[in-house]
Amino acid sequence: MGDFMKWVSAVLLYLSAVLVFGCLIYSFRKPRQLSIEPPLRMLLGSAGVALFLNATAMLTTSLQMSYFLFGAYHIAMDFVINGMMAFVRRYTGLRDYNQKVQTGFGIAAILDAVLMVINCFQPIVFECERIPDQFGSLFCHISSKSYLYGFHVILIYVMIVILLFDLIRKMLQSPKIYKLKYAVILVLDCIVVICHTIYLQFNTVIDYSLLWYAAVAFSVFYFSTTYIPRGLMDKLLYFTISNMQDGIICLDIENKCVHANRTAKIYCDFEMDQQIQTWFMEEIPSGAEDYYWDAKRRINGSMRYYRIQYQKIFDVQSKYLGCFFIIQDCTKETERFESEKYRATHDALTGIYNKEYFYETTREKITQNPLQEYCIVCTDVKNFKLVNDMFGVQTGDKLLLRIAGILRSLAGESWVYGRLTADRFALCVPQEEFDEEQILKKIVRMAKLTEDTVFKVHIHIGVYLVEDKTLGISMMCDRANLAIKTIKDSYQNIVAYYKENLRESTINEQKVISEFEDAIRDGQFQAYVQPQVAANGKIRGGEMLVRWVHPQKGMIPPGEFIGIFEQTGFISRLDAYMWETACMRLQRWKNAGLTENYLSINISQKDFYLLDVYKILTGLVKYYDLNPRNLHLEITETAVMSNPQAQLPLIAKLRNYGFLVEIDDFGSGYSSLNTLKDLQADILKIDMGFLSKTAHQGRSKLILQMIIALAKALRMEVITEGVETQDQVDFLKAYGCDIFQGYYFAKPLPVMEFEMQYLNRTFKI
Ligand code: C2E
Ligand code: CA
Ligand code: CA
């Protein structure tokens, strides 16, 4: 039986050696760069060798060989114990040995090794013998040990006692979860020691302690490289979960709450079960394995936003284990997103929708309510640029804020409104809620910009009754704006509705623009003159007015193209042409001895930006050798006051040169008296529209009378234009008006006809 055990032991020892070498190879192939690796490798290597040698020694049949193998085995054991000591020192972190003690053990081990080598030749430490087994073959074992063997045993036991002592010390010091790490190695070591003691005491044939070597080696390898204490992970998870910003709730298979951290409890207001039940009933679709939704909740008085995630947990066999909820506080992100969205969709100044968002929301509104009829309303502040220029951007901003405020106060539940560009606002209103009167009332109340100015704010409103709902919203706004264009220059009309023919007129505008080049080249623009009659009936001169004699359309009045040309800038080329025509006529008159008669030319507001007016006019006068006094320059008060800093000095320069400057359309502008204060001109040309459109004829006449008196006091001549009746001539004359222009005397007529019929004529007044 004993023999059989020997075979079994030998095989087990070989297998153990293989296992230990396996660990060693593994530690080389997957190095962890741990400081424990070198002593661990030494321990594994020497233990593997010791196991291999012992097993081989047991099986060898040569007595000499058995001496050699058992000797080598004992040397390897010295290495094992030394390695174990070094390992334990690193493993426990207890490094309080004296270096000398360490060296002493080293020297003792070398001495022991020398004894073992000698023993191969002269058995002074132990003796081996060969005994036959039950199958008739021989095998060897250590038969007797001398007192020198005692040296080997003592050395090894002393070292073992030290390392056991270290392990116990460390185990006692360590927190609970780490005790296992030391306890297992300690227990295994003790088993080895006990087995070995039995072997020594009873001088058994087989040293069973060897079989435990592998267990020690393996556990040493496992605990020092791969083992992570379970308790540590649990503690870590618990710590992480309880300190998590997010709330977490874990439910078991019966939906019972296993764990919920503080955040989760606060979220659920400590009514966990109730909350979970609501989630299952109202939020999570039945059967869903994971799901998330957004929620908001007032906590400590402030609104907080959450994303709640639900997730089922399965084991490796896909069996349901439980589920958890993560309650993620997204308040910061949500608020940031909201404020970014607000900034992207709202106008920074007024806080109402910006253009893009107005378009988007209006589109949604119209699409969602297919049976509802809407209208798009656009507003435009007349001369808004002027407000900025004259009163400063701050005042301009204030005005815009006021308009936005009006829109806010007007807007019903289902209205959409926003700011499209600088001074343009837009609304989308259900047609039956659009009340023109109400809007007008509010807008008119805002007419005065500030208490201390006479400047009046005029706002125009364009309305497009949405017929074609497929049209882009920007196109709808274009149509409302197109309606505004028709009343753009008017101070009386405030609201205009889009009509289909307006679109045709835009097309017509395009045509006018495209025909300009041909027209100016072919001389289609013709100079007409309207006579200007002095109070004594004599013709003093006339105003040059352009007519477009179109080859197909016939005569086109300037009202139909001047505005378009002003927008495109063509006006400057047309005007330059008209000015030169005037100068050519004046040269002819001069040559005919008519040096007293003059021609008035019109200078458009745009000319000042597009041309060097001074250079051109003085150039023309020199070229045609004229007296500049015979050329009157008509400049509207709006043209001057839109940019007084630039215009006033220019006008002074032109007057210095000798031109006579007329303020055209006086009384139709926004601040006529201001103009008079700042602008020094030679002639004041009063707009008759000023008189005809007011209901209070008496008051108007009084004002007219005063203006004429004022002009006279400022040493200006006065022309009244648009004179149509005898009555008008009479009272204007009585007020002191110097010159009259109007249909009462003559309509504008071709310059040649004017020269022939009127130049020498005297009216009877
Ligand atoms: P404006 O400079 O105020 O010219 C006077 C306008 O009043 C002329 O219209 C004239 O025909 C009209 N008119 C004269 N007497 C009467 C009257 O008794 N009753 C009425 N109802 N109207 C009268 P027109 O020729 O159609 O010119 C319109 C406007 O076109 C002019 O107003 C002027 O601003 C512009 N315009 C005309 N020719 C030129 C030009 O060559 N260059 C520039 N820049 N503008 C021009
Ligand atoms: Ca004029
Ligand atoms: Ca005029």
Side-chain angles (χ1 to χ4, degrees), residues 488-490 512 516 519-520 523-533 541-549 555-585 598-611 613 616-617 620 631-640 660-669 672 675 681 683-693 718-729 732 737 739-751 754 758 763:
K488 201 175 105 230
D489 297 319
S490 166
V512 166
F516 176 80
I520 200 146
Q524 293 173 19
F525 294 112
Q526 289 188 8
Y528 273 50
V529 176
Q530 186 174 31
Q532 293 184 338
V533 184
E543 179 183 2
M544 290 276 281
L545 293 159
V546 69
R547 295 291 177 267
W548 185 348
V549 185
M555 170 102 79
I556 309 174
E560 287 181 24
F561 57 87
I562 294 287
I564 303 170
F565 289 168
E566 277 181 331
Q567 274 170 30
T568 52
F570 287 150
I571 190 68
S572 59
R573 287 173 61 196
L574 177 62
D575 275 349
Y577 170 77
M578 290 297 288
W579 301 344
E580 176 144 24
T581 312
C583 291
M584 280 156 63
R585 296 329 290 187
Y598 63 83
L599 276 173
S600 291
I601 52 165
N602 286 290
I603 302 179
S604 152
Q605 182 175 346
K606 276 280 172 74
D607 291 335
F608 291 107
Y609 297 98
L610 299 167
L611 299 173
V613 173
I616 292 177
L617 290 177
L620 282 171
L631 201 59
H632 290 195
L633 314 180
E634 293 198 7
I635 304 169
T636 62
E637 53 168 326
T638 318
V640 180
L660 294 185
V661 172
E662 288 178 20
I663 304 176
D664 198 0
D665 298 347
F666 184 81
S668 70
S672 302
T675 317
I683 302 158
L684 193 68
K685 195 169 181 185
I686 299 171
D687 197 81
M688 271 300 280
F690 174 67
L691 184 65
S692 60
K693 275 172 199 146
V718 176
I719 301 181
T720 312
E721 63 178 332
V723 179
E724 288 179 342
T725 62
Q726 173 76 51
D727 174 52
Q728 286 173 338
V729 179
L732 287 168
C737 178
I739 301 167
F740 306 89
Q741 178 185 345
Y743 293 172
Y744 177 72
F745 297 102
K747 288 198 169 183
L749 65 164
V751 64
F754 168 77
Y758 287 96
F763 283 94

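Model, not experiment: these values are computed from the prediction. When a ligand or atom number is given, it counts from 1 through the structure's own listing order. Both backbone and side-chain heavy atoms feed into the values below; hydrogens, waters and symmetry mates do not. Residue numbers count from 1 along this sequence.
Distance check: Trp579 CH2 to Ile616 CD1 gives 6.0 Å after rounding to the nearest 0.5 Å. The line from CG of Leu633 to CD1 of Ile635 is 5.5 Å long, rounded to the nearest 0.5 Å. Rounded to the nearest 0.5 angstrom, Leu610 CG and Ser604 OG are separated by 8.0 Å. Ile719 CD1 to Ile663 CD1: the interatomic distance, rounded to the nearest 0.5 Å, is 11.5 Å.
Checking side-chain atoms of Asp665 against main-chain N and O of Ile686 turns up no donor-acceptor pair under 3.5 Å. Formation of a donor-acceptor pair under 3.5 Å by the Glu637 side chain with backbone atoms of Gly667 is found in this model. Using modelled atom types, no side-chain atom of Glu580 and backbone atom of Tyr577 make a donor-acceptor pair closer than 3.5 Å. Using modelled atom types, one side-chain atom of Gln530 and one backbone atom of Ala746 make a donor-acceptor pair closer than 3.5 Å. Panel note: side chain Glu560, backbone Ile556; no donor-acceptor pair is recorded below 3.5 Å.
Note: no N/O pair closer than 3.5 Å links Gln741 and ligand 1 by distance alone. Ligand 1 has no nitrogen or oxygen under 3.5 angstrom from a nitrogen or oxygen of Tyr744. In terms of polar-atom proximity, defined here as any N/O pair under 3.5 Å, Asp665 does make such a contact with ligand 1.
One option in Pro558, Ala527, Ser604, Gly563 has a heavy atom closer to atom 24 (P) of ligand 1 than any other, and that option is Pro558. If you check each of Phe745, Tyr743, Phe565 against atom 12 (C) of ligand 1, the one with the closest non-hydrogen atom is Tyr743. Proximity annotation for atom 40 (C) of ligand 1: of Thr725, Asp664, Asp575, Asp575 comes nearest, heavy atoms only.
Gln524 pairs by the side-chain contact (heavy atoms from CB on, under 4.5 Å) definition with Ala519, Asp522, Trp548, His550, Pro551, not counting sequence neighbours. Residues passing the salt bridge (charged side-chain N to carboxylate O under 4.0 Å, His left out) test with Arg585, sequence neighbours excluded: Glu755.
Contact annotation for atom 32 (O) of ligand 1: protein absent (non-hydrogen atoms, distance under 4.0 Å). Distance screen at 4.0 Å: atom 6 (C) of ligand 1 has no protein heavy-atom neighbour inside the cut-off.
Scanning all protein heavy atoms for the shortest distance to atom 8 (C) of ligand 1 gives Leu545 CD1, 3.8 Å. In terms of protein heavy-atom proximity, atom 46 (C) of ligand 1 is closest to Ile562 CD1, 3.7 Å. The protein atom (non-hydrogen) at minimum distance from atom 38 (N) of ligand 1 is Val546 N, 3.2 Å. Among protein heavy atoms, atom 21 (N) of ligand 1 sits closest to Glu724 OE2, 3.3 Å. When only non-hydrogen protein atoms are considered, atom 15 (N) of ligand 1 lies nearest to Gln530 NE2, 2.9 Å. Of all protein heavy atoms, the one closest to atom 34 (O) of ligand 1 is Asn602 OD1, 4.8 Å.
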Q: With side chain to side chain donor-acceptor pair (under 3.5 Å) as the test, would you mind laying out the steps for Gln726 and Tyr744 before giving the verdict?
A: CA-CA 7 Å; Gln726 173 76 51; Tyr744 177 72; 2.4 Å; yes

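Not a single heavy atom of Pro557 lies less than 4.0 angstrom from ligand 1. Taking a 4.0 Å cut-off on heavy atoms, Arg547 registers as neighbouring ligand 1. Heavy-atom distances between Glu543 and ligand 1 reach below 4.0 Å in at least one pair. At least one heavy atom of Gly722 sits closer than 4.0 Å to an atom of ligand 1.
Close approach of ligand 1 to Val723 (heavy-atom distance below 4.0 Å) involves ligand atoms 18 (O). Ligand-side atoms of ligand 1 in range of Pro748: 11 (O), range being under 4.0 angstrom from any heavy atom. Heavy-atom contacts of Gly742 reach the following atoms of ligand 1: 15 (N), 18 (O) (cutoff under 4.0 Å).
Between the side chains of Glu662 and Ser600, at least one donor N or O sits under 3.5 Å from an acceptor N or O. Counting only N and O atoms by type, the side chains of Glu543 and Gln741 include a donor and acceptor under 3.5 Å apart.
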Tell me which donor-acceptor pairs under 3.5 Å the side chains of residues 567-575 have, and how far apart each pair is, sequence neighbours excluded?
residue	atom	partner	partner atom	Å
Thr568	OG1	Ile564	O	3.1
Thr568	OG1	Phe565	O	3.3
Ser572	OG	Gly569	O	3.1
Arg573	NH1	Glu517	OE2	2.9
Arg573	NH2	Glu517	OE1	3.0

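At a threshold of 4.0 Å, the pair Lys606-Glu566 does not count as salt-bridged, since none of the basic side-chain nitrogens sits closer than that to a carboxylate oxygen.
Protein N/O/S atoms found under 3.0 Å from the Ca ion (ligand 3), listed by chain and residue number: Asp664 OD1, Asp665 OD1, Glu721 OE1, Glu721 OE2.
For residue Ser600, no N/O/S atom approaches the Ca ion (ligand 2) to within less than 3.0 Å.
Here the side chains of Ile739 and Ile683 are not in contact, with every heavy-atom distance at 4.5 Å or above.
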